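One structure below.
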Amino acid sequence: MQTQAFAVHEPSGNIEVHGPSEVKAPVVIRPTVTRDLGLTTTVPREFVHRAAVAEVLLTGWEAVPDPEGRSDSYVVRAQWPRGHSLFAQSGGYQDAMLLVESVRQIGSLLAHAEFAVPFGHQFMMRDIAITATADLLLATPMPTELELRTECHDVVRRGTNLADMRYDVTALIDGVALATASAAFRCISPGVYRRLRSDRPTGTTQVVGAPVDPATVGRCNAENVVLTEEMAAVDGRRSWGLRIDSTHPIFFDHPVDHIPGMVLLEAARQAAHAVTGRPDKLVTGISGTFTRYAELDAPCRVEAVTGVSVAGETPVRVTGVQDDETVFTADVTLSATTR
């Protein structure tokens, strides 16, 4: 078991204090170091596959003993900032994509820290889903502190190496459960990944298309819009081109050879706002299934169709198509609570 109790190290050597015109005897200053300060810090960025420390949302984890040994259980802690350049507050609510990203980070954290997956292995997300209450997303005058109770199961190993895993998450604030989530991923060794993807570029050669009006997709800044040029509707489905800017500092936090799953889910969220004409509604549910790698060097079409609203919730089905193949599907739930 590994926990997030980072040591506070005392500085080595003496500190010499000199006057303006003469050298005095060394004055030894012995710092007072208090152990177990209860300080909050983030987990190492490498554990969650982020280059920027600012994009790390998890602050710690610990294993939960299971006397019957039926599952691997952990308590993971997270903090959501009050202000984020991409996942920004709106209308008094936090962005639901913060929960999606927190759940994504849990998988890689536990894989490395608890299941001994070496750095350099690639993670392929198979699916991810969250269902949240509006109370979970309600913004307060302080950053949002969450407890993410996580159960890992369906663990598959090839030899001693982790190959596949699914995990379920319950999100709590102040001990109250306010959301559930699940995700599954596959681990791929560097050698296998090179054979699968060795010829793929890590940047796009496509022209970054003009964004749709940010106000129509629940965004304030055009640089955070991932939809471009609406296409002709077919069978009631509206569709847009996927706008890929591989220089975006958050969507592409580090070089990758495919379109990240978080970009595809953001496209689903934006398409849901656009197709309903309700960018003010709150996303309280989103689930995505990834069936193929979405390539950086080929156009991708994002299709959306609205379902029947029930109890103030509107479902939207979103599909991503590239080279006539489905690369992902997502279901987005927009709630009656406005942002």
Side-chain angles (χ1 to χ4, degrees), residues 78 80-84 86-103 127-146 148 168-183 212-221 224-227 230 233 236-240 262 264-289 302-320 328-339:
W80 296 346
R82 295 176 64 199
H84 191 279
L86 176 60
F87 305 130
Q89 290 185 21
S90 180
Y93 288 91
Q94 292 274 32
D95 191 331
M97 295 300 284
L98 285 167
L99 178 57
V100 179
E101 174 62 9
S102 297
V103 173
D127 57 76
I128 189 168
I130 62 103
T131 301
T133 63
D135 286 344
L136 178 90
L137 303 173
L138 190 64
T140 69
M142 293 288 288
T144 303
E145 304 277 355
L146 299 96
L148 303 165
D168 298 319
V169 179
T170 301
L172 303 91
I173 296 179
D174 295 331
V176 179
L178 297 174
T180 57
S182 66
V212 301
D213 182 356
T216 65
V217 294
R219 284 302 187 197
C220 297
N221 300 318
N224 293 332
V225 174
V226 296
L227 300 182
E230 184 169 0
R237 290 175 174 267
R238 292 174 62 187
S239 61
W240 300 261
M262 287 297 292
L264 301 178
L265 291 177
E266 176 63 23
R269 184 265 285 278
Q270 292 187 18
H273 286 316
V275 75
T276 60
R278 293 301 303 271
D280 58 322
K281 280 199 170 185
L282 186 69
V283 174
T284 52
I286 186 167
S287 65
T289 299
V302 179
E303 303 175 346
V305 61
T306 304
V308 178
S309 297
V310 177
E313 294 184 340
T314 302
V316 180
R317 166 60 63 93
V318 181
T319 305
F328 81 98
T329 56
D331 291 297
V332 183
T333 302
L334 301 179
S335 78
T337 301
T338 55
R339 295 190 296 150

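These figures come from a predicted structure and were not determined experimentally. The first residue in the sequence is number 1, and the count goes up from there.
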Could you go through the side-chain contact (heavy atoms from CB on, under 4.5 Å) check for Ile128 and Leu265 one step at a time? CA-CA 10 Å; Ile128 189 168; Leu265 291 177; 3.6 Å; yes
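- In this structure, Thr140 and Arg82 have side chains that are not in contact, with every pair of non-hydrogen atoms separated by 4.5 Å or more.
- Taking the side chain as every heavy atom from C-beta outward, Leu334 and Thr284 never approach each other to under 4.5 Å.
- In this structure, CZ in Arg278 is found 4.0 Å from CG in Asp280, a value given to the nearest 0.5 Å.
- Residue Leu138 holds its CG atom at 9.0 Å from CD of Gln94, rounded to the nearest 0.5 Å.
- Scanning all heavy atoms of the two residues, the minimum distance from Val217 to Ala274 falls at CG1-CB, 4.0 Å.
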Any chance you could lay out the side-chain contact (heavy atoms from CB on, under 4.5 Å) test for Thr289 and Phe328, step after step, and finish with the verdict? CA-CA 6 Å; Thr289 299; Phe328 81 98; over 6 Å; no
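- Taking the side chain as every heavy atom from C-beta outward, Val332 and Val283 approach each other to under 4.5 Å.
- Side chains of Met262 and Val100 form a contact here, defined as non-hydrogen atoms less than 4.5 Å apart.
- Looking at residues two or more places apart in sequence or on another chain, you find a side-chain hydrogen bond (donor to acceptor under 3.5 Å, both in side chains) between Glu266 and Arg219, Arg269, Gln270.
- Between the OG1 atom of Thr329 and the CZ atom of Arg317 there is a distance of 5.5 Å, given to the nearest 0.5 Å.
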Are Ile130 and Ile286 close enough, and set up right, to give a side-chain contact (heavy atoms from CB on, under 4.5 Å), and what steps lead you there? CA-CA 6 Å; Ile130 62 103; Ile286 186 167; 3.6 Å; yes
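- The backbone N or O of Gly218 lies less than 3.5 Å from no partner atom in the side chain of His273, so there is not a single donor-acceptor pair.
- Distance alone, capped at 3.5 Å, places no donor-acceptor pair between the Arg238 side chain and the Val305 backbone.
- Residues Leu136 and Leu146 have side chains in contact (heavy-atom distance under 4.5 Å, counting atoms from C-beta outward).
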Show the atom names and distances, to 0.1 Å, of all donor-acceptor pairs under 3.5 Å that link a side chain in residues 168-179 to residues at least two apart or in another chain.
residue: Asp168; atom: OD2; partner: His153; partner atom: NE2; Å: 2.8

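- Separation of atoms CG (Leu98) and CG (Leu86) is listed at 8.5 Å; rounding is to 0.5 Å.
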Would you please test Leu137 and Leu282 for side-chain contact (heavy atoms from CB on, under 4.5 Å) and show each step? CA-CA 9 Å; Leu137 303 173; Leu282 186 69; 4.0 Å; yes
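- In this structure, a donor-acceptor pair under 3.5 Å is present between the side chains of Thr314 and Ser309.
- Contact record, Val103 with Ala183: CG1-CB, 4.2 Å, taken as the closest heavy-atom pair.
- Within the model, atoms OG of Ser102 and CG of Leu148 stand 6.0 Å from one another, a figure rounded to the nearest 0.5 Å.
- In the model, Glu313 has no side-chain atom that pairs as donor or acceptor with a side-chain atom of Ser335 under 3.5 Å.
- Using a 4.5 Å heavy-atom threshold, the side chains of Leu99 and Trp80 count as touching.
- A donor-acceptor contact shorter than 3.5 Å is absent between the side chain of Gln89 and the backbone of Gly83.
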